[in-house]
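Below is one structure, written out as structure tokens, with a few remarks after it.
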Amino acid sequence: MRFAVATFPGSNCDLDCVHAVEDVLGAPVSTVWHQQTDLDEFDAIILPGGFSYGDYLRTGALARFSPVMESVVAAAKQGKLVIGICNGFQILCEVGLLPGALMANDHLQFRCATPELVVENADTPFTQDYQSGEQIQIPIAHGEGNYYCDEQTLQELEENRQILFRYNSENPNGSTAGIAGIINRAGNVLGMMPHPERAIVDWMGSADGAKIFTSMLRNWEER
Amino acid sequence: MVYSLPTEPSPEQVREQSLYREMGLADDEYEQIIGHLGRLPNWTEVGVYSVMWSEHCSYKNSKPLLRKFPTEGPRVLQGPGEGAGVIDIGDGQAVVFKIESHNHPSAVEPFQGAATGVGGIIRDVFSMGARPVALLNSLRFGSLDNNRVKYLFEHVVAGIAHYGNCIGIPTVGGEVVFDQSYEGNPLVNAMCVGLLSHDQLQKGIASGVGNLVVYVGASTGRDGIHGATFASVELSEESEEKRSAVQVGDPFMEKLLLEACMEMVEQELLVGIQDMGAAGLTCSSAEMAAKGTCGMELNLDRVPQRETNMSPYEIMLSESQERMLLVIEEQNLARIEAICKKWGLQSAVIGQVTKGDRYQVYQKGECVADIPVMTLVDDAPIYHREEKIPAYYTEMKEINDTDQLEGHNPESLFEQLIQSPNLASKRWVYQQYDHMVGTSTAVLPGSDAAVVVVRGTDKALAMSTDGNSRYVYLNPEQGGRIAVAEAARNVVCAGAEPLGVTDCLNFGSPENPDIYWQLSKAIDGMSAACHTLKTPIVGGNVSLYNESGDQAIYPTPVVGMVGLIEQRAHITTQTWKGAGEQIYLLGETLAELGGSELQYVVTGQVSGQPPVLDLEKEKSLQTGLLAMIRQGIVTAAHDLAEGGIALALAESCMDSGLGAEITLSSPHSHVTALFSESQSRVLVSVKKSDMEKLEQLAAKYQIPCTRIGEVIEQEKLLIEVNGEEVIGRSIPDIKQLWEGAIPCKMKASLTN
Amino acid sequence: MYKAIITVTLKESVLDPQGVAVKGSLHSLGFTTVQDVRIGKQLEVTIDTAEREQAQQQTEEFCQKLLANPVIENYRYQLEEMN
Amino acid sequence: MYKAIITVTLKESVLDPQGVAVKGSLHSLGFTTVQDVRIGKQLEVTIDTAEREQAQQQTEEFCQKLLANPVIENYRYQLEEMN
Ligand SMILES: Nc1ncnc2c1ncn2[C@@H]1O[C@H](COP(=O)(O)OP(=O)(O)O)[C@@H](O)[C@H]1O
Ligand SMILES: [Mg+2]
């Protein structure tokens with residue numbers, strides 16, 4: 001399984017994601033410059049965290065027009081696995097692969113911490129190595145992770161079990177329904193504010209993020 | 001003859017009306033310039049000299065004192081003088097680090113002032129060819145009961161967070177202190193740590209006649225003109241007028257600049273590289289030429305400009321951020337341009353290296369400055385200021401009023417201390433910093449020192465910033481020693497061998513003999529400690545004139561220490577690991593409450609003498625502790641600092657989910673036993689089975705070593721002194737007070 | 001040459017935490033008559049065209065495409081001729 | 001009741017990195033006629049007072065005290081009577 005990690009100007013978790021794929025899966029992974037348009041050789045695409053285009057105007061708003069995004073949209077349509085982490089999640093919402101929007105944290109501060117999450121749905125390509133209801137710890141680091149969508153969208157997300165992760169006790173950003181990560185209707189595009197690549201070995205404080213990567217690999221192998 | 005713009009004061013007017021004074025030049029300095037040039041300088045030239053001879057660039061007031069610092073050691077690859085110091089960590093790798101102040105800009109525009117301070121120090125590190133891996137800071141504010149202070153604190157922290165988070169370098173540690181003396185003059189010091197392989201070490205040097213001078217990065221605007229001199233004057237109503245001295249930072253641009261420069265370094269395309277920081281284009285180009293003892297010619301028409309009709313003076317002195325100056329061989333130009341293009345950066349060839357010693361600047365075909373380059377750097381004036389023992393020092397020394405601290409209920413003192421903003425949890429601060437980006441942070445903020453692993457090796461770096469200015473005020477020499485010793489101790493507690501120091505000397509006006517004495521003595525103390533602990537000073541920064549009204553800040557040397565952890569298995573934190581583990585105190589508790597946090601909290605003052613630091617004892621403590629850690633027997637180690645043993649014990653409990661049961665026996669009072677701030681002390685915990693080993697090692701290194709209790713399952717802190725129970729509190733309760741103190745203060749109103 | 005002055009605001013239905021915070025600060029500074037604060041962005045975009053029509057059309061287009069996110073924001077603008 | 005519509009912008013000589021980035025994006029989206037973009041904040045503050053005088057005085061005061069930092073920003077405002 002070949003992974004691509006897109007690098008936008010201002011991405012800063014791209015190498016962290018590369019290292020996570022290498023360290024957890026030992027799978028081939030390369031960074032892809034935002035101007036590259038050919039993603040055919042890859043089976044999965046990671047949109048990493050950071051501040052693409054400085055987060056100017058709105059988070060993700062400028063990056064979504066990068067040439068690589070057309071190919072990401074196409075890859076998603078083909079059913080390839082796409083995961084957007086933090087800034088990547090924001091880009092996926094802006095480009096319309098995921099519903100809703102990410103707004104400034106309700107307390108208006110940047111927040112770096114390791115909250116507890118609940119895995120709400122373990123029947124997806126990204127979570128199949130977890131148990132539904134499992135409590136896990138994955139760090140967050142964002143100023144704009146306050147997920148917003150209207151009532152109807154929320155209802156759809158709930159009904160279709162598209163909410164994969166919720167903040168467990170304390171909501172660190174004011175996110176609607178405590179949402180930390182959602183998946184698209186088709187089940188192959190995940191956006192999440194927490195950073196699984198920051199929780200892959202014990203010395204990091206938690207290794208709970210590794211199963212996202214192992215789930216993706218197992219899902220691909222079983223296809 | 002050099003050209004003068006008709007819109008600017010003529011050379012004669014500059015002289016007749018003493019206009020050079022507005023730029024911070026003294027009369028005799030101006031006369032020296034005339035001597036160097038053999039004619040009257042024009043407006044631009046006066047500007048160039050004024051920034052090059054400012055304290056910030058020339059250290060004219062501090063140089064004679066700075067020479068006292070030990071700067072050499074077997075591992076030092078680059079000492080003071082370049083963008084940052086460089087120390088070998090083995091395997092062909094080196095650590096690069098530097099601290100710098102941004103006090104004055106932060107006082108008037110806290111968010112951008114602090115943000116651009118971070119941006120500047122990052123450029124200093126990557127201009128050495130190193131990849132920045134961590135940021136730290138050291139902050140000082142007035143009392144949080146003041147609304148203006150709250151505003152400054154909130155915005156400084158947000159500004160630091162903004163820059164570091166956006167560029168993607170983790171902010172892993174630092175310190176914040178609140179004290180009345182900083183009310184009108186907050187301190188914002190930022191430190192950056194980077195890694196490089198030896199063969200990638202770059203220097204800020206121009207050489208090779210005909211080589212090109214290339215400008216990369218953001219356009220030049222009229223912002224920040226005279227920032228370097230601004231940094232060296234007292235804050236007054238007048239600085240309100242120098243408003244444009246504050247710039248807006250663009251961390252996004254700096255990220256692009258960083259990545260582009262890293263590519264240039266990897267491809268070995270550079271002869272020299274230097275950040276355009278304080279004094280902008282002037283300082284970077286003149287210093288590079290002076291270092292290479294060559295001339296330089298600059299054409300200002302080619303400098304990318306954000307505003308129209310900028311004068312040579314404005315272009316030369318602008319401190320617009322996120323700019324780099326390169327010297328390259330012409331054959332590499334195309335590759336440099338390609339890299340810039342990839343990263344969306346503009347670049348421009350703005351000049352070349354010339355034979356001889358002239359620093360010549362052209363605009364629109366006219367020569368607008370023509371200066372012998374060495375006079376800008378080597379001939380900067382140096383002042384040996386007068387020093388005098390201040391009256392307050394002699395008075396304070398005699399006062400011994402720590403008796404007033406006795407007789408209070410120890411538990412209520414403990415409760416007060418734990419909520420003092422100086423000792424309370426700084427989570428409110430560091431949770432705003434991305435301290436994990438880069439996935440290398442092994443010890444997060446909240447322990448004695450932060451630890452960042454070195455990917456691809458089993459090594460890690462420990463780092464800390466420290467400085468207690470009350471101690472320095474009461475006794476600059478002791479205070480200077482303590483600053484270095486504490487920083488080193490913090491790093492040792494994390495399992496590291498201290499490697500070296502970068503320091504930031506934040507003081508008042510050196511023209512005041514009392515203050516010059518403080519500076520001189522503090523440097524003596526720091527030097528002695530660096531000498532004994534074998535931690536050379538490889539870089540630093542001086543920030544003088546930190547005064548408001550006629551009130552100077554406490555003398556505040558800040559020490560940034562970096563240490564090397566040989567194996568990740570040695571990484572140690574302050575948190576208890578398991579019930580039943582035995583708690584030891586290494587070191588000795590004396591009756592030392594002068595300048596303590598307890599004294600300040602109870603009396604609102606500091607007086608007397610600070611703790612005494614015996615360097616030999618400190619050295620054996622650190623060597624012994626490191627040996628214990630390397631033998632794998634230490635499960636937790638925590639430095640004793642402000643608040644004494646009581647606070648240290650509480651901190652080790654906080655995140656452990658465990659408690660501690662402690663029995664102290666002391667020849668002193670309860671209050672002294674609990675809150676004395678005696679130096680050279682560390683708490684450690686070991687498994688029962690390792691007690692003997694620990695005691696043997698302590699004996700071997702001649703460290704006083706007392707078993708004082710054990711870690712318990714119950715989340716309680718129970719302390720008995722001489723058979724009397726003095727503290728008995730539940731950890732969740734005290735944790736709530738400890739973590740709530742700063743957020744609670746910050747809820748109330750803010751105003752700029 | 002035209003200047004488009006564009007205001008992007010959060011939709012009424014979306015909570016504006018920044019507005020709430022500023023209101024809180026104003027109250028504690030003693031401005032208790034302040035009833036409500038809403039915070040938006042203002043963009044001044046200079047467009048090099050002689051035709052109002054074209055300026056208008058472009059402004060409309062880039063507001064929709066880029067400057068506002070319709071999930072949470074509204075926009076309005078005004079065109080000024082410059083000389 | 002009055003509404004103060006306040007615009008806070010960066011001073012002319014101060015870099016507006018956000019504006020620069022947005023301009024870049026507009027260009028790459030094909031809006032090459034865009035010459036300049038500057039981005040500021042717009043605040044709508046509702047003030048419960050019947051007197052224009054008072055509304056004006058308060059607005060002036062809290063702009064200076066809280067909403068803008070004169071070191072790098074300018075502000076301007078407009079008052080509208082509400083019913
Ligand atoms: N400004 C800051 N930035 C980042 N971390 C901070 C800051 N201030 C304090 N911290 C973190 O909080 C912890 C406690 O700080 P402090 O009380 O100064 O410790 P110590 O007395 O051991 O030096 C440290 O880990 C420190 O890195
Ligand atoms: Mg300490």
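Just the heavy atoms: all of them, side chains too, but no hydrogens, waters or symmetry mates, feed the values below. Quick caveat, the model's predicted, so the values are computed rather than measured.
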Side chain, backbone, both or neither of C:Leu43 within contact of chain D (heavy atoms, under 4.5 Å)
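Backbone plus side chain of C:Leu43, per the 4.5 Å heavy-atom cut-off to chain D.
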Segment of C:Ile6 engaging chain D (4.5 angstrom heavy-atom cut-off)
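Contact with chain D: none, neither part.
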Is the shortest side-chain N to carboxylate O distance from C:Arg38 to D:Glu44 below 4.0 Å?
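Looking at D:Glu44 together with C:Arg38, the answer is no, because their closest N to O distance does not fall below 4.0 Å.
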For the candidates D:Gln42, D:Lys23, D:Gln58, which exhibits the highest count of non-hydrogen atom pairs separated by less than 4.5 Å from chain C?
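Maximum pair count with chain C is reached by D:Gln42.
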Counting heavy-atom pairs closer than 4.5 Å to chain C, which one of D:Leu26, D:Leu29, D:Thr32 comes out on top?
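With the most close heavy-atom pairs to chain C, the winner is D:Leu26.
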D:Thr49, part contacting chain C, at a heavy-atom distance under 4.5 Å:
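Answer is neither: D:Thr49 stays 4.5 Å or more from chain C.
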D:Glu81 backbone acceptor or donor facing D:Arg52 side chain under 3.5 Å
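Judged by distance alone, no pair lies under 3.5 Å.
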Any idea which heavy atoms bring D:Asp48 and D:Met1 closest together, and the distance?
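Taking every non-hydrogen atom into account, CA-SD, 3.6 Å.
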Tell me yes or no: between the side chains of D:Tyr75 and D:Glu60, is some donor less than 3.5 Å from an acceptor?
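Indeed, the side chains of D:Tyr75 and D:Glu60 share at least one donor-acceptor pair under 3.5 Å.
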C:Arg76 CZ to C:Thr7 OG1 distance, which is reported to the nearest 0.5 Å:
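Reported value, rounded in 0.5 Å steps: 4.5 Å.
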